[in-house]
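I have placed the structure first, in the form of structure tokens, so that the comments after it can refer back to it.
What you are looking at is a predicted structure, and each value in this text was computed from that prediction instead of being measured. Here is the naming used below: chain letters follow the sequence lines, and residue numbers restart at 1 for every chain.
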Number of protein chains: 2
Amino acid sequence: MLSTITGSPAAPSGPVLEPRPPRSLDDDANRRASQRIGEALQLLARTLNPQRRVVRAGDTIYQSGEAFSHLYVLNSGICKLMSLSADGREQVVGLKFRGDWLGFSGIAKGRYVCDAVVMDVGEVWAIRYDALLAACGRHPELMGLVHEAMSGEILRDRDSMMSVCTLPADARVADFLRDWANNLACRGLRTDQISLCMTRAEIGNYLGMTLETVSRALSRLAKQALICFPEKGRRDIGIPDVGRLEAYVQRCLTPVGHTLQ
Amino acid sequence: MLSTITGSPAAPSGPVLEPRPPRSLDDDANRRASQRIGEALQLLARTLNPQRRVVRAGDTIYQSGEAFSHLYVLNSGICKLMSLSADGREQVVGLKFRGDWLGFSGIAKGRYVCDAVVMDVGEVWAIRYDALLAACGRHPELMGLVHEAMSGEILRDRDSMMSVCTLPADARVADFLRDWANNLACRGLRTDQISLCMTRAEIGNYLGMTLETVSRALSRLAKQALICFPEKGRRDIGIPDVGRLEAYVQRCLTPVGHTLQ
DNA sequence: CGATAGATTGAGTAGGGTCAAAGTTTGTGG
DNA sequence: CCACAAACTTTGACCCTACTCAATCTATCG
């Protein structure tokens with residue numbers, strides 16, 4: 001029973017056998033996305049026999065400056081990419097989830113140019129880059145996968161850029177939460193209660209604002225009931241309705257009409 | 001006479017035959033970079049026989065939403081990437097110069113996700129993506145080239161992100177000019193006088209600030225003699241010393257100590 | 001030589017940064 | 001298991017940077 005039933009007028013009055021909450025198109029898309037990620041991981045496992053390693057919060061997968069040799073794929077867990085420029089600036093420039101690749105930015109320079117730091121326990125697969133190149137020659141679908149992953153990373157970076165450049169602080173935080181929830185949803189995980197495993201300082205650094213502003217933004221979003229905090233602790237965040245968060249972000253744009261010229 | 005002469009103490013007193021201004025390590029690096037770009041283009045021309053097209057300011061190379069089929073490489077000219085989100089926000093998300101690839105972000109989605117608009121006359125090479133994949137199988141060095149280009153794009157996007165997130169407006173504009181000059185230098189072009197071929201509005205949009213702020217920042221930089229305007233018109237910008245611009249950007253960081261925590 | 005797109009500059013304002021003081025968690029060692 | 005310390009979070013007050021609105025000036029192109 002996958003197709004949506006377009007409201008038969010004479011619905012049964014008792015809520016007991018109420019059909020499950022509308023399985024939306026999004027749910028379908030998410031399920032497909034999740035499946036694709038699983039298949040991609042299987043393809044990697046099959047063709048490359050990657051070296052698996054269990055990692056826990058705080059572990060470093062690679063560090064800026066090290067000679068580039070491997071790409072990594074997250075089989076599970078969450079990871080942040082920290083870029084530190086020559087002059088000492090430090091910034092979280094990316095967040096990675098199951099199925100995401102790590103280390104692409106090292107290819108061009110022959111060295112890793114950021115630190116990949118684990119934020120939540122998981123398993124990471126190491127893939128020798130030279131072996132990958134060789135395998136790509138034999139398996140065109142593998143090359144497609146790699147290109148798609150790199151292309152996707154470029155896409156996501158641009159979305160971040162857009163968010164940072166065009167959204168006010170509150171909306172940026174809302175968009176961040178929406179994006180995180182979205183990432184979970186695409187991997188078949190529930191999104192009504194997410195645990196960020198990042199400090200306010202890290203979030204702020206990622207979004208280009210101070211930790212105080214993040215804290216205030218979260219408080220304001222909570223006041224509007226767009227998010228809510230569980231009784232104990234404020235690290236976990238409840239998102240009653242991702243759609244409303246999305247709508248909020250939209251609303252922040254309409255007044256300003258942020259087109260060029 | 002390419003190697004640098006390490007100051008013989010008894011230098012001739014007359015300035016007439018003064019050895020040319022010190023050819024720095026940077027110059028060397030730039031020459032190598034320029035050569036690499038040339039060689040990459042030759043490799044492409046040799047292995048892929050790309051379709052060449054002369055383009056002029058305002059031309060569109062591809063548009064958001066079109067089915068993805070080709071990648072493009074700029075043989076000359078300058079090009080901007082305009083991303084427009086579903087909700088109508090529009091942003092310049094990238095600038096491309098000779099040797100740069102266009103269209104990577106379309107691979108993941110099967111459609112182009114931004115507009116590529118020419119800003120300065122040049123020649124663009126169109127490369128069918130399927131032909132490229134096939135050729136990559138036959139020519140490993142070609143695959144290396146493509147990966148390097150994608151990796152480089154990821155790198156540059158992150159640098160932009162960093163600049164937007166950690167620099168105040170004036171420094172961001174300075175950094176933008178530095179980057180532009182650097183792009184020219186890497187291609188063997190002179191950098192003391194650059195012509196931006198972008199309006200203040202476009203620059204501001206790219207840097208995440210208003211056109212007024214760009215204008216004011218340029219005026220302030222000019223007041224400090226970090227840049228200068230030629231007598232007629234303010235579209236061209238003179239950069240007497242890129243190093244001083246770079247130093248200025250640095251100075252903006254020291255007071256704040258922008259590390260995490 | 002007007003018309004129009006673009007650039008500059010000023011005045012006023014507000015969003016977000018800085019600094020500071022509590023309040024909460026979390027973790028560690030007795 | 002409790003107590004204390006360290007790390008993290010929240011909230012307030014103040015201020016500054018960059019945005020908005022507006023007027024003026026400059027280039028460019030019919």
Below 3.5 Å, does any donor atom in the side chain of [X] face an acceptor in the base of [N], or the other way round?
{"X": "R216(A)", "N": "dG15(C)", "answer": "no"}
{"X": "R220(B)", "N": "dT9(C)", "answer": "no"}
{"X": "R172(A)", "N": "dG16(C)", "answer": "no"}

Separation of [N] [atom2] from [X] [atom1] (nearest whole Å):
{"X": "I227(B)", "N": "dA7(C)", "atom1": "CD1", "atom2": "P", "answer": "13 Å"}
{"X": "M198(A)", "N": "dT9(D)", "atom1": "CE", "atom2": "P", "answer": "11 Å"}
{"X": "E202(A)", "N": "dT9(D)", "atom1": "CD", "atom2": "C1'", "answer": "14 Å"}
{"X": "L207(A)", "N": "dG17(C)", "atom1": "CG", "atom2": "P", "answer": "11 Å"}
{"X": "L211(A)", "N": "dC8(D)", "atom1": "CG", "atom2": "C1'", "answer": "9 Å"}
{"X": "I203(A)", "N": "dC8(D)", "atom1": "CD1", "atom2": "P", "answer": "12 Å"}
{"X": "L218(A)", "N": "dG16(C)", "atom1": "CG", "atom2": "P", "answer": "14 Å"}
{"X": "N205(B)", "N": "dA7(C)", "atom1": "CG", "atom2": "P", "answer": "13 Å"}

Can you identify which nucleotide, out of [options], has its nearest atom closest to the [X] side chain?
{"X": "A169(B)", "options": "dG6(C), dA18(D), dC19(D)", "answer": "dA18(D)"}
{"X": "E212(B)", "options": "dG17(C), dT8(C), dC21(D)", "answer": "dC21(D)"}
{"X": "T210(A)", "options": "dG17(C), dG12(D), dT20(D)", "answer": "dG17(C)"}
{"X": "S215(B)", "options": "dT10(D), dG17(C), dA7(C)", "answer": "dA7(C)"}

Does a side-chain N or O of [X] approach OP1 or OP2 of [N] to a distance below 4.0 Å, or not?
{"X": "R235(B)", "N": "dA7(C)", "value": "yes"}
{"X": "R200(A)", "N": "dT10(D)", "value": "yes"}
{"X": "T213(A)", "N": "dG17(C)", "value": "yes"}
{"X": "S219(A)", "N": "dT11(D)", "value": "yes"}

> Donor-acceptor pair, R172(A) side chain versus G208(A) backbone, under 3.5 Å?
Replying inline: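 Yes; at least one donor-acceptor contact below 3.5 Å.
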> Does the D115(B) side chain pair with the main chain of S64(B), one donor and one acceptor, at a distance under 3.5 Å?
Replying inline: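 Flag set: sc D115(B) to bb S64(B) pair under 3.5 Å.
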>> Show, in sequence, the C-alpha distance, side-chain angles and deciding distance for K96(B) and E153(B), and conclude whether the salt bridge (charged side-chain N to carboxylate O under 4.0 Å, His left out) test is met.
In response: CA-CA 10 Å; K96(B) 302 292 167 183; E153(B) 180 148 348; 3.3 Å; yes
> Is it true that E246(B) and R178(B) have a side-chain N and a carboxylate O under 4.0 angstrom from each other?
Replying inline: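 Salt bridge flag = no for R178(B) with E246(B).
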> Does the pair K80(A)/E202(A) count as a salt bridge with the N-to-O cut at 4.0 Å?
Replying inline: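 A salt bridge links K80(A) with E202(A).
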